[in-house]
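Here is the naming used below: chain letters follow the sequence lines, and residue numbers restart at 1 for every chain.
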Amino acid sequence: MLELRFHSRGGQGGVVAGKLLAVAIFKEDRFVQAFPTFGVERRAAPVMAFVRIDDHPIRIRTQIYNPDHIIILDQSLLQMLDVTQGLKPGGTIIINTEKKPEDFDFKGDFRVVTIDASSIAVKHGLGSVTQPIVNTAILGAVSKVLKVVDIESVIAAIEEDVPAKIEANAAAAREAYEVAEGSP
Amino acid sequence: MQKVLTGNEAAAWGAMCAQAQVISAYPITPQTTIIEELANLVANGMLDARFIKVESEHSAMAGCIGAQAAGARTFTATSSQGLALMHELLHWAALGRLPVVMADVNRAMAPGWSIWTDQNDSLAQRDTGWLHYYCESNQEVLDTVIQSYKVAETVDLPVMLVLDAFFLSHTYEAVHIPSQDETAKYLPPYKPSIYLDVKDPHAFGGIVQQDVYMEFRYKMQVAMNEALEVAEKADDDFREMFGRGYGLIEPYRLDDADYVLVTSGTVASTARVTVDDLREKGHSVGMLKIRMLRPFPFEKVRQILSGRKRVAVLDRNICVGMGGIFTQEIRNAMYHIPEDKRPSIYGYIVGLGGRDVSPEVIASIAEDVQKRAVADGEQVWIGLKE
């Protein structure tokens, strides 16, 4: 079983990212569970979303404490949260930022991958410069970096489940997939 | 068709499959997205139903009662304080013998305010004459909505199906959704034997004197007893048609188990993981899931627990001043069997207000019940802070 944790702020689409990933995994005939922070929804508040992926039916129904990888949609969260809490050694941290991986100094045996999902989102007209909607772009990076899901499944999930700007969201996911650092 | 749905959406889609004709609901907190999704399904034409927005949960149930009495299949949903506000009308629906179906998202009662799960909201309505199902997956939620109508409309009693807040209500997973046509083969249109009809006027819910009130109650009890068999058959028929069934209770790896964990809701799902793990380590531990609480499947529970060494009942609820409610039910069921076959019953309070019940928590209970010699009748509270 693989467990992922998404960090974002309310309104950025982190919960939808988890749902879209679930739909994409489902399209590959694998088993998946996705759920948001067990907390109160509020715009700009720190929000977490979780995804479990397995080749067998998932029967555990608890919170996720030790994710295999984490995905950070908003780098400002790094100043206020210990985002690596519980992250398994050897896990990957994907950060939406214009910075480079070496600009980050996490304590622990982690691989850091950066992707400028905000710029990609804005370029495709998703949200504004101050409030880009980065969830679909970040999923392109998740597909490339973590290899947990095929990019075509992500695109199919976007086409099925995103209510507006489907083409722009698909293009953002694809672009992030192209530019993200694939292998360690 | 298969789709990735939350538990809330699964409940709504279940009502859609069953072609509920009237949805009467209060749309604001503590309402959940069940009603939001149903509003969507009605608005986009997937469900041909009247959607009635009302000003309180009390009125929501009153709306269901009125529509059901007029011969319509009805559905509503609520949670925690909302269910509590319905209390008066829950009696009215049951004593009126109206087969309303309702989903309750199990949320802890306030204060302190909580949006997290425990079973005290639904269990506080245990004695209102509704049938109660507890679900452990989103698929079971959808399937149980459909089964609920089948059972309710056969015995003329209302059904409440319960799903854990967040652990089901806000969790996405893949769910099989039968079409309305497929569902209709299992669940034909609602045809009440008596209903409000201006062409054939009758009075309903009038005053009843001492000479016949008891008989009304007795008939409800008889209907509840029948409901056990009806629900069993409804589940068997469902399995035959759709390939999925759940039983009223479900033994899991219990064949030769000396120790039994009794669970309900999502705790049952996680307990399967724990039991698999404990079995691998050589422990003689199995699990019994209680899906139907009312009517209580006494005979089945007795049969399965008889002859076991010890039974640990996990209660995500507390009857303050008494103990865990499932524990009481199980103790009651096991009292009248021969002493040499009667297991010791251990009660554990877990996961109130949504506190996580992890495999480790369940394993610690399994360890305690195997080690501690005497079930002293006290409840053990798991994971309390000092």
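Among the candidates B:Val273, B:Val357, B:Asp356, B:Leu168, the single residue satisfying the side-chain contact (heavy atoms from CB on, under 4.5 Å) test with A:Arg61 is B:Leu168.
For A:Val23, the parts lying under 4.5 angstrom from a heavy atom of chain B are both the backbone and the side chain. The part of A:Tyr65 that comes within reach of chain B is its side chain, from C-beta onward, which places non-hydrogen atoms under 4.5 angstrom from that chain.
Heavy atoms of other residues, nucleotides or ligands lying less than 6.0 angstrom from CD of B:Gln2 number more than 12. Enclosure of atom CD in B:Glu280 is not indicated, since only 12 or fewer non-hydrogen atoms of other residues, nucleotides or ligands lie within 6.0 angstrom. Other residues, nucleotides and ligands place more than 12 heavy atoms under 6.0 Å from the NZ atom of A:Lys88. Heavy-atom contacts from other residues, nucleotides or ligands closer than 6.0 Å to CD of A:Gln131 number 12 or fewer. Annotation for A:Glu167: atom CD does not count as buried by contact number, only 12 or fewer foreign heavy atoms lying within 6.0 Å.
Of all heavy-atom pairs between B:Thr171 and A:Phe35, the closest is OG1-CB, 3.5 Å. The two residues A:Ile60 and B:Pro359 have their closest heavy-atom pair at CD1-CG, 3.5 Å. Nearest heavy-atom pair, B:Phe167 versus A:Thr62, reported as atom, atom and distance to 0.1 Å: CE2-CA, 3.9 Å.
Between A:Arg59 and B:Asp276 there is a salt bridge, since at least one side-chain N of the basic residue sits less than 4.0 Å from a carboxylate O of the acidic one.
Of all residues spanning residues 133-142 of chain B, those with a heavy atom less than 4.5 Å away from chain A's heavy atoms are B:Glu136, B:Ser137, arranged by number.
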Between A:Lys19 and B:Tyr172, is the side chain to side chain contact (heavy atoms under 4.5 Å, CB included) condition met? List the steps.
CA-CA 7 Å; A:Lys19 197 239 168 146; B:Tyr172 288 98; 3.2 Å; yes
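In this structure, A:Arg52 CZ and B:Glu173 CD are separated by 11.0 Å, a value rounded to the nearest 0.5 Å.
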